[in-house]
Amino acid sequence: MTKKLTTASSVLVLLCLIAAPAFAQIKIGVTLPLTGYAASYGEDAKRGVELAIAQANAAGGVRGKQLLAVFEDDAGAGKTGVAAIQKLITIDKVPVIVNGMMSATALPAAPIARENKVVFIGTLTSHPDVTSPGGFIYRISASELIASNVEAKFAYNVLKARRAGGLFATTDYGVMIRKIVQQRFEKLGGSWVVSDEFPQGATDFRTQLAKIKEKNPDLLFVVATHKEAAQMFRQMVELKFKPTVLGTSMLNDPTLIELAGEAAEGVYFATGAASASGPKSKLTDFQAAFKAKFGKDPAISAEHFYDATNLAIEAIRTGGETGPEINKAMATTRDFAGVTGAITFTEIGDRIFPATIKRIEKGKFVDTGFVDIGD
Amino acid sequence: MLIQLVINSLVAGVIYALLAFGFTITYGTLNFFNMAHGMAYTLGAYFSYVLRIQWGLSLPLAFGLSTVATAVAMTGVDRIAYAHLRTRAAPSWALVVSSIGVAIFLEALISLLFGSDTLSLRVGEAAPGYTVLGAIITPTQISILVVSTILMIALTFYLRMTLMGKALRATANDVEMARVVGIDPESTYRSTFALASGLAAIAGSLVALETDLFPTMGHTALLKSIVASIIGGIGSVPGAVVGALFLGCAENFGVWKLSSSWRDGIALALLMLFLLVRQTLARAGQESRGR
């Protein structure tokens with residue numbers, strides 16, 4: 001029985017492989033969280049990809065062929081992410097993969113793509129180690145090293161914070177960032193008075209906040225998703241705890257304001273500054289097209305996935321249809337006009353990307369004008 | 001600070017109590033670990049969301065209707081997923097496996113209908129809580145405490161005083177004897193399911209009011225119901241309530257002393273500890289009886 005099934009399925013797979021080129025399609029693999037904890041980021045990201053593909057196909061496709069996005073769910077987890085990448089490489093035989101926003105999935109998955117000479121374009125994965133040692137791996141977001149340095153500098157130099165506390169998720173990302181920011185902040189001369197943590201997806205932060213409140217920091221540095229942060233900010237209001245709050249680019253999602261309301265007022269967060277320096281029209285065009293197609297404003301994940309997909313399409317257009325050809329085109333990308341700004345990569349595939357700090361004012365993200373390259 | 005911790009513990013504890021109550025009576029009467037118990041909690045929250053936010057009903061009305069809707073839905077689930085197994089005298093593990101299927105199915109269904117995004121049951125802005133003896137308590141927390149306490153007292157009376165409550169306890173005690181005295185076990189099972197699910201639904205709605213709702217919210221709810229029930233001695237109603245309050249305290253006081261990521265770890269450590277102690281005590285009991 002099992003044998004029959006195996007034969008039948010291998011015949012099916014073979015048929016698919018033979019039949020695939022007949023449709024004259026170029027596949028772009030996409031792994032992103034569609035289930036599980038990070039799914040809310042994934043849904044908007046998927047729309048970003050769909051928009052890019054639809055626009056390219058409407059313009060006649062690439063190299064006379066239509067483009068097709070193959071979506072795989074990575075559940076925001078390392079194990080599922082590796083399985084998704086392997087499926088895309090071995091079964092769908094995609095030459096390029098756009099990867100989801102979790103560093104936890106990118107860290108183990110990216111080297112697999114490199115080994116198979118498949119181009120890997122990270123989106124919001126900002127762990128410093130994702131791209132190293134270079135080649136075949138690129139990313140749209142800045143390495144968190146930049147943003148973290150900018151956050152620490154802003155806290156010390158502009159906000160004049162001297163006693164900082166941290167509340168962060170116990171993820172690879174959370175632990176690492178808190179460490180970088182703390183080191184930098186202490187190096188500048190501030191003191192880090194308290195740190196506490198929470199498991200990913202937590203909804204009750206009261207005990208942690210009460211603990212932190214006792215140490216009375218004048219700045220609270222938060223590494224949390226917009227969902228977690230919304231709860232946290234509301235509970236801070238309830239607990240009458242009002243330090244200045246500084247978060248990471250994970251807060252750059254309009255849903256935060258929807259969920260937290262006035263509790264999010266005055267919160268600062270760091271984000272890529274390229275959209276400030278890049279061509280504004282590109283971004284507004286994208287926002288309008290997105291709203292027209294999906295009836296809502298795009299989140300930051302949609303912007304990054306849109307850019308990543310367009311970069312992949314452009315690299316296929318200028319380079320070719322195989323992984324090594326696309327890699328060559330990617331490496332020589334100069335000032336690609338993306339909605340997140342002009343995109344140029346360093347030798348190891350990291351984006352040259354200054355960071356800026358934004359503030360939430362009257363339910364809007366407002367530029368503070370602080371831009372720094374985070375050295 | 002101590003008072004703040006006590007309040008936080010109580011608020012967590014009474015929610016666990018509502019959950020553990022349902023879990024333990026399901027185990028007591030139907031004799032299986034209902035792995036879909038957490039889904040009644042999730043369903044309750046989502047029904048409340050539909051009624052309150054989408055239909056604009058008042059909060060108490062929305063919560064009441066959502067409780068009834070969840071109870072009805074889970075009784076329907078019982079008919080489809082468990083009743084057939086019972087009539088075929090399937091072993092307990094078959095019901096457990098079936099309930100895992102139910103949990104996965106319902107969670108996927110909710111994700112499909114509502115998306116995986118976090119939804120909010122609250123309207124209006126976060127407001128500073130009341131200060132009581134140096135501790136801070138929010139209006140939502142007060143309503144959680146009041147509603148849960150009233151429910152607990154009402155349930156105790158229900159189980160002791162009413163015919164249905166007595167039938168439930170009798171069936172839990174001995175199905176065959178209950179049948180002999182004219183109690184229909186099937187109808188008792190149904191009312192057990194309705195009751196257990198209704199309580200979990202109220203717990204879910206109350207928690208959603210405080211910390212929003214999302215499809216996977218039932219996972220921790222299930223874990224906490226299991227742990228609280230076992231600490232209190234599975235099948236025992238007062239035990240479950242005590243276990244739940246104890247769990248709430250252990251978690252919140254533990255988080256104060258240890259790092260916060262140990263919260264679920266504390267629950268599981270307690271679970272293991274109590275299983276060990278219970279086993280040891282049971283063995284000691286057997287030995288002394290044997291002698």
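Residue contact with chain A, scored on non-hydrogen atoms closer than 4.5 Å, involves the backbone and the side chain of B:Thr131 alike. For A:Glu214, the part lying under 4.5 angstrom from a heavy atom of chain B is the side chain only. If you measure heavy-atom distances from B:Asn8 to chain A, the contacts under 4.5 Å come from the side chain alone. Neither the backbone nor the side chain of B:Ile137 comes within less than 4.5 Å of any heavy atom in chain A. Residue A:Ala169: no heavy atom, backbone or side chain, is found under 4.5 Å from chain B. Using a 4.5 Å cut-off between heavy atoms, A:Gln200 does not touch chain B at all. For A:Glu43, the part lying near chain B is the side chain, with the backbone staying farther off; criterion is any non-hydrogen pair under 4.5 Å. Neither the backbone nor the side chain of B:Glu107 comes within contact range of chain A; no heavy atoms are under 4.5 Å apart. At a 4.5 Å heavy-atom cutoff, B:Ser111 makes no contact with chain A through either its backbone or its side chain. With a threshold of 4.5 angstrom between heavy atoms, A:Lys211 approaches chain B through its backbone and through its side chain. Of the atoms belonging to A:Lys242, not a single heavy atom falls under 4.5 Å from chain B.
Side-chain atoms of A:Glu238 never come within 3.5 Å of backbone atoms of B:Pro128 as a donor-acceptor pair (strictly under, hydrogens ignored).
For the options A:Leu239, A:Leu34, A:Val237, A:Thr35, heavy-atom pairs under 4.5 Å to chain B are most numerous at A:Val237. Highest contact tally toward chain B, considering only A:Met236, A:Lys227, A:Glu258, is held by A:Lys227 [criterion: heavy-atom pairs under 4.5 Å].
To the nearest 0.5 Å, atoms CG (A:Asp204) and OG1 (B:Thr220) are separated by 11.0 Å. To the nearest 0.5 Å, atoms OG1 (A:Thr207) and CD (B:Gln4) are separated by 8.0 Å. To the nearest 0.5 angstrom, B:Thr211 atom OG1 is 9.5 Å from A:Phe205 atom CZ. Here the CD atom belonging to A:Glu228 is positioned 12.0 Å from the CG atom belonging to B:Asp212, to the nearest 0.5 angstrom.
With respect to the salt-bridge test (charged N to carboxylate O, under 4.0 angstrom), the residues A:Arg234 and B:Glu210 do not qualify.
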task: For the pair B:Ile136 and A:Gln235, evaluate side-chain contact (heavy atoms from CB on, under 4.5 Å) and give the outcome as yes or no after the intermediate values.
output: CA-CA 11 Å; B:Ile136 292 170; A:Gln235 289 165 13; over 6 Å; no
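The environment of NZ in A:Lys296 is crowded: more than 12 heavy-atom neighbours from other residues, nucleotides or ligands sit within 6.0 Å.
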